[in-house]
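Got a structure for you, written out below as structure tokens; questions coming shortly.
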Protein chains: 2
Amino acid sequence: MAKFKLDETDHHILDMLIENTRTPFTDIAKRLGISAGTVHVRVKKMEEAGIITGSSLMLDYKKLGYSFIAYVGIFLQKTSQTQFVLERINAIPFITVAHVTTGKFNIFCKVRARDTSHAKEIIYMIDDIDGVTRTETMISLEESINDKKRLMHSIFQEI
Amino acid sequence: MAKFKLDETDHHILDMLIENTRTPFTDIAKRLGISAGTVHVRVKKMEEAGIITGSSLMLDYKKLGYSFIAYVGIFLQKTSQTQFVLERINAIPFITVAHVTTGKFNIFCKVRARDTSHAKEIIYMIDDIDGVTRTETMISLEESINDKKRLMHSIFQEI
DNA sequence: GGTGAAAGCACCGAGTT
DNA sequence: AACTCGGTGCTTTCACC
């Protein structure tokens with residue numbers, strides 16, 4: 001949980017790997033003027049420290065037929081039902097992110113669906129969960145992602 | 001934009017790479033009972049088709065000192081200001097995702113910050129953008145991510 | 001904590017079925 | 001389309017600094 005100490009070299013390594021996980025360590029090494037072995041050791045340490053938790057492909061969901069995104073706010077009868085409902089929510093595969101929130105909603109989640117009728121099905125599934133009194137849906141017309149790289153650079157600039 | 005044709009083998013390859021981008025093609029090949037060359041050709045085709053758009057590291061933002069997440073809904077004076085405001089929003093580095101939405105808000109975004117006071121700074125920046133009349137903030141107490149793997153499996157089951 | 005070289009693999013293209 | 005195979009280049013380790 002604590003803030004981990006990373007130096008400038010680590011940040012540069014992360015920046016390059018965030019942009020492309022398969023960047024050869026030899027390339028990184030050349031660019032930073034260090035040896036490939038050093039890059040390897042540093043990456044391994046960041047993995048062991050739990051800073052790097054994994055790697056994943058980025059996919060074009062539109063091309064896969066999933067072009068619909070909505071956010072759904074969920075109201076519960078009682079706050080004590082939150083964990084129960086969250087588990088049910090997480091069991092629905094097209095819900096890609098779920099948050100327990102303060103404020104208006106108890107739970108707030110992101111839905112990725114094929115189209116409006118598919119989204120309707122998913123929202124009905126949410127409505128059917130015990131304890132859910134009501135939902136409120138926001139439909140995304142356009143998504144823009146400021147990817148992780150951006151965040152890393154910011155962190156880097158500030159440390 | 002159209003739905004791309006992927007067979008079962010492609011889906012298995014994607015599943016394994018989504019879980020870990022650096023999974024050796026030889027491992028994938030062994031597990032699927034095909035040759036590593038075939039895996040290579042298929043991945044390349046999916047890259048060329050734009051289905052695989054890249055790869056990225058997954059980081060533990062808490063360990064990097066970024067443990068605060070909020071969603072901010074933005075109200076505008078006029079809908080016609082949307083693109084202008086969106087550009088300003090996207091220029092703020094700690095805003096990791098932004099959506100143009102229907103319904104209550106005009107724009108809806110996700111903020112990743114160090115703590116509450118850092119979040120306050122960011123929200124003030126949003127409020128200061130020309131055309132923004134009001135914002136509404138939801139603070140995340142807990143985030144659970146149903147990662148891409150889950151989605152891929154679902155797609156696979158349905159096709 | 002870093003280096004550099006060497007061994008072990010993986011990648012990737014060409015040619016074949 | 002998929003396979004095999006060989007050259008090339010990347011990763012990973014280790015003795016040394």
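Since this is a predicted model, take the numbers as computed values, not measurements. Within every chain, numbering begins at 1; the chains are lettered A, B, ... in the order of the sequence lines, protein sequences first and strands thereafter.
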Using the six-membered ring wherever Trp is involved, compare the ring planes of B/H40 and B/F25 and label them parallel, tilted or perpendicular (cut-offs 30° and 60°).
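Judged by the thresholds at 30° and 60°, the geometry between B/H40 and B/F25 is tilted.
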Atom-to-atom span, CD1 of A/I28 to P of C/dG2 - whole angstrom
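Atom CD1 in A/I28 sits about 14 Å away from atom P in C/dG2.
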For the CD1 atom of B/I129 and the CD1 atom of B/I89, what is their distance to the nearest 0.5 Å?
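Here the interatomic distance stands at 4.0 Å.
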With a cut-off of less than 4.0 Å, is there a side-chain N or O of B/H40 near OP1 or OP2 of C/dC12?
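Yes.
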What integer distance in Å separates A/E8:CD from C/dG2:P?
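About 13 Å, once rounded to whole Å.
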Protein-nucleic acid N or O pairs under 3.5 Å, nucleotides 14-17 of chain C:
none

Minimum-distance nucleotide (side-chain atoms of A/D27 versus C/dT3, D/dC10, C/dC11)
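In terms of side-chain proximity for A/D27, the closest of C/dT3, D/dC10, C/dC11 is D/dC10.
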I need the CG-P distance between A/N20 and C/dC11, as an integer number of Å.
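Going from CG in A/N20 over to P in C/dC11 covers 14 Å.
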Output the single nucleotide from D/dT11, D/dC10, C/dG13 whose closest atom is nearest the side chain of B/K44.
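Of the options given, the side chain of B/K44 lies nearest C/dG13.
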Using the side-chain heavy atoms of A/S35, tell me which of these nucleotides is nearest: D/dT11, D/dC3, C/dT3.
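The nucleotide sitting nearest to the side chain is C/dT3.
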Take atom CE of A/M46 and atom P of C/dG1, then tell me their distance rounded to the nearest Å.
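Going from A/M46 (CE) to C/dG1 (P), I get 13 Å.
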For D/dC10 and A/R22 - does any side-chain N or O of the residue sit under 4.0 Å from the phosphate oxygens OP1/OP2?
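No, A/R22 has no side-chain N/O under 4.0 Å of OP1/OP2 on D/dC10.
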Rounded to the nearest 0.5 Å, how far apart are CG of A/L32 and OG1 of A/T38?
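That separation rounds to 10.0 Å.
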Working to the nearest 0.5 Å, report the span between CD1 of B/I13 and OG1 of B/T23.
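If we round to the nearest 0.5 Å, B/I13:CD1 and B/T23:OG1 are 11.5 Å apart.
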Return the value, rounded to whole Å, for the distance between atom NZ of B/K30 and atom P of D/dC3.
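Roughly 15 Å, once rounded to whole Å.
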Sole residue of A/Y124, A/F94, A/F68 in ring-ring contact (aromatic ring centres under 6.0 Å, His included) with A/H118:
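Single pass found, and it is A/F94.
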Does A/K120, at its NZ atom, have more than 12 non-hydrogen atoms belonging to other residues, nucleotides or ligands within less than 6.0 Å?
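Open: at most 12 neighbouring heavy atoms sit under 6.0 Å from NZ of A/K120.
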Ring-face cation of A/R134 near A/F75 (centre distance under 6.0 Å, axis angle within 45°)
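Pair A/R134/A/F75 counts as cation-pi.
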Mind calculating the distance between CG (B/D10) and P (D/dA1) to the nearest angstrom?
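It works out to 11 Å between those atoms.
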For D/dA2, does OP1 or OP2 lie under 4.0 Å from any side-chain N or O of B/R42?
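Looking at the OP1 and OP2 atoms of D/dA2, one of them is under 4.0 Å from a side-chain N or O of B/R42.
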Rounded distance (nearest 0.5 Å) linking atom CD1 of A/I69 with atom OG1 of B/T101:
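Between A/I69 CD1 and B/T101 OG1, I get 12.0 Å after rounding to 0.5 Å.
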So which one's nearest nucleotide on DNA chain D is more toward 5', A/V41 or B/G37?
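So the residue in question is B/G37.
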Can you find a side-chain donor-acceptor pair between A/T135 and A/D127 that sits under 3.5 Å?
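The criterion, which ignores hydrogens and geometry beyond distance, is satisfied for A/D127 and A/T135.
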Given side chains that start at C-beta, do those of A/Y71 and B/H99 come closer than 4.5 Å, heavy atoms only?
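Yes, at least one pair of side-chain atoms sits under 4.5 Å.
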Axis bend over the full length of the helix from C/dG1-D/dC17 to C/dT17-D/dA1, computed from five pairs that close each end, to 10 degrees:
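Overall, the helix from C/dG1-D/dC17 to C/dT17-D/dA1 bends by 30° from one end axis to the other.
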Looking only at side-chain atoms of B/T26, point me to the closest of D/dC10, D/dA2, C/dA10.
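From the listed options, C/dA10 comes nearest.
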What is the distance, rounded to the nearest whole Å, between atom CG of A/D7 and atom C1' of C/dG2?
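Rounding to the nearest Å, CG of A/D7 and C1' of C/dG2 are 12 Å apart.
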A/F25, nearest nucleotide to its side chain (from D/dA1, D/dT12, C/dG1)
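Nearest to the side chain of A/F25 among the choices is D/dT12.
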For atom CE of B/M16 and atom C1' of C/dA10, their distance in whole Å
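Atom-to-atom, B/M16 to C/dA10, this comes out as 15 Å.
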